[in-house]
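Data block below; observations after.
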Amino acid sequence: MNMYDEIITRALDVSGIEYLKLEKQLRDGGREAMTALAGRLNDADPIARLMALELLEWMRDHRPDNAPALEYLESLPAYIATLPIPAPPPDAVTRYLQIHYEERVAALLALRLLKGDDWPLWQIMAVLGYLAAVRDPIATVPLIRFALRADDPAMRHMAGIALNELNDPNMAITLAAERKRAEELGIPFPPFAEITTGISSTSKPNLEDK
């Protein structure tokens, strides 16, 4: 096991700024890091597989949209500060991502959504809307785990709405596997209906409250 195997293991266990630092170490790690990531492509954990594949493809320059999409999201607060509105409109951000990147950043943003623990509400809502719009099943497990982790019931329901929109023929199988994982970890796993219903697509939290 090289140092990058340990970094991958830590990255899977953490979130927020700590995750971003570890992710950058991996992306800057060259061939040795790529070898370690390749060893996780058949990992039993779908998040480990997703992270390994996404970072490998990024490092191979097969993800040219990743950096621009992230730069767009990071630039919005400073731009909005010049306008008479409290936060970026999530629907507008969703549309921008969908129009400019289609489904090409779905894996990245699904992973970052799961790993982000300090995202503002507008960004969570925008990315959930984007994932629902592009319907890529790569987001299934990240959305399930985000829904289970979220403290805010509204966020859980919005993640459920996004899940319902995904074009995932294996949804039932994945839900069963994630329910089993949650039970083994002692994490409450509500019935699927409790995740995916209870808030309408037009009922959204007030951005000014966050």
Side-chain angles (χ1 to χ4, degrees), residues 3-29 33-34 36-41 43-59 62-63 65-77 88 90 93-94 97 101 103-132 134 136-152 154-156 158-160 162-163 166 174 177-178 181-182 185 187 189 195 210:
M3 64 174 284
Y4 291 106
D5 290 302
E6 297 177 3
I7 292 173
I8 292 169
T9 298
R10 285 165 52 204
L12 290 167
D13 289 339
V14 300
S15 58
I17 293 175
E18 188 174 358
Y19 167 78
L20 294 178
K21 289 179 178 178
L22 294 171
E23 183 194 271
K24 188 174 188 305
Q25 287 185 49
L26 290 168
R27 289 193 285 114
D28 292 343
M34 293 177 77
L37 287 165
R40 295 297 189 107
L41 291 175
D43 198 282
D45 180 10
I47 296 300
R49 297 196 301 270
L50 172 62
M51 186 180 79
L53 179 60
E54 188 60 20
L55 296 187
L56 275 173
E57 291 297 275
W58 198 349
M59 294 162 75
H62 295 168
R63 293 289 190 269
D65 293 313
N66 280 6
L70 293 175
E71 289 168 4
Y72 164 71
L73 290 172
E74 291 166 3
S75 72
L76 283 174
V93 178
T94 291
L97 293 170
Y101 305 113
E103 79 290 345
R104 297 187 299 275
V105 294
L108 171 70
L109 293 184
L111 181 61
R112 287 291 185 92
L113 173 71
L114 177 63
K115 288 296 186 177
D117 61 7
D118 57 355
W119 277 21
L121 180 58
W122 68 263
Q123 188 169 342
I124 295 173
M125 293 171 63
V127 169
L128 286 173
Y130 164 75
L131 295 174
V134 299
D136 192 328
I138 196 71
T140 299
V141 173
L143 283 172
I144 292 170
R145 295 192 188 179
F146 173 82
L148 296 180
R149 188 195 72 187
D151 293 328
D152 186 342
M155 289 297 99
R156 288 197 296 273
M158 293 187 72
L163 273 170
L166 299 186
T174 302
E178 288 299 302
R181 171 186 174 274
L185 294 174
I187 301 172
F189 193 98
I195 297 177
K210 298 291 182 178

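The structure displayed is predicted, hence computed values, not measured ones. What you see below is based on every heavy atom in this structure, not just the backbone, and it leaves out hydrogens, waters and symmetry mates.
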* When rounded to the nearest 0.5 angstrom, what distance separates CD in Glu6 from CD1 in Ile8? -> 10.5 Å
* Least distance between heavy atoms, Met125 atom then Pro90 atom -> CB-CB, 3.8 Å
* Flag the pair Leu56 / Leu41 as yes when at least one side-chain heavy-atom distance between them is below 4.5 Å, and no otherwise. => yes
* Structure fact -> Note: Trp58 and Arg27 closest approach over all heavy atoms is CE3-CD, 3.4 Å
* Any Tyr101 side-chain heavy atom under 4.5 Å of Val134 side chain -> no
* Asked: Do Val93 and Tyr130 have side chains that get closer than 4.5 Å, going by heavy atoms?
  -> no
* Could you tell me the separation between the CD1 atom of Ile17 and the CG atom of Leu22, rounded to the nearest 0.5 Å? => 12.0 Å
* Asked: What are the two closest non-hydrogen atoms of Ala52 and Leu37, and how far apart are they?
  -> CB-O, 3.3 Å
* Do any pairs count as a salt bridge (Lys or Arg N to Asp or Glu O under 4.0 Å) and have a residue in residues 105-118, sequence neighbours left out, and if so which ones? -> Glu23-Arg112
* With sequence neighbours excluded, residues passing side chain to side chain contact (heavy atoms under 4.5 Å, CB included) with Pro120 -> Trp122, Gln123
* Asked: Shortest non-hydrogen contact from Gly116 to Arg149?
  -> O-NH2, 3.0 Å
* To do: Name all residues meeting the salt bridge (Lys or Arg N to Asp or Glu O under 4.0 Å) criterion together with Glu57; count only those two or more places apart in sequence or in a different chain, and write none if there are none.
  => Arg60, Arg63
* To do: Taking salt bridge (Lys or Arg N to Asp or Glu O under 4.0 Å) as the test, write out the residues that go with Glu178, two or more places apart.
  => Arg145
* Structure fact -> d(Met155 CE, Trp119 CH2) to nearest 0.5 Å is 12.0 Å
* Asked: Once you round to the nearest 0.5 Å, how far does CE of Met34 lie from CG of Leu26?
  -> 11.5 Å
* To do: Could you walk me through whether Leu50 and Val141 pass side chain to side chain contact (heavy atoms under 4.5 Å, CB included), step by step?
  => CA-CA 10 Å; Leu50 172 62; Val141 173; over 6 Å; no
* For Arg104, all residues meeting salt bridge (Lys or Arg N to Asp or Glu O under 4.0 Å), sequence neighbours excluded -> Asp65, Glu102
* Give, for atom CD1 of Ile47 and atom CG of Leu111, the distance between the pair rounded to the nearest 0.5 Å. => 6.5 Å
* Gap between atom CD1 of Ile124 and atom CE of Met158 - 0.5 Å precision -> 9.5 Å
* Asked: Are any of the side-chain heavy atoms of Leu131 and Leu143 separated by less than 4.5 Å?
  -> yes
* Heavy-atom distance under 4.5 Å between the side chains of Leu109 and Leu70, does that happen here? -> yes
* Side-chain heavy atoms of Asn66 within contact of Glu54, under 4.5 Å -> yes
* **Nearest heavy-atom neighbours spanning Asp5 and Arg40** => O-NH2, 3.9 Å
* **Residues which pass salt bridge (Lys or Arg N to Asp or Glu O under 4.0 Å) with Asp13, listed by chain and number, not counting sequence neighbours** => none
* **Heavy-atom closest contact (Leu114 atom, Phe146 atom, distance)** => CD1-N, 3.7 Å
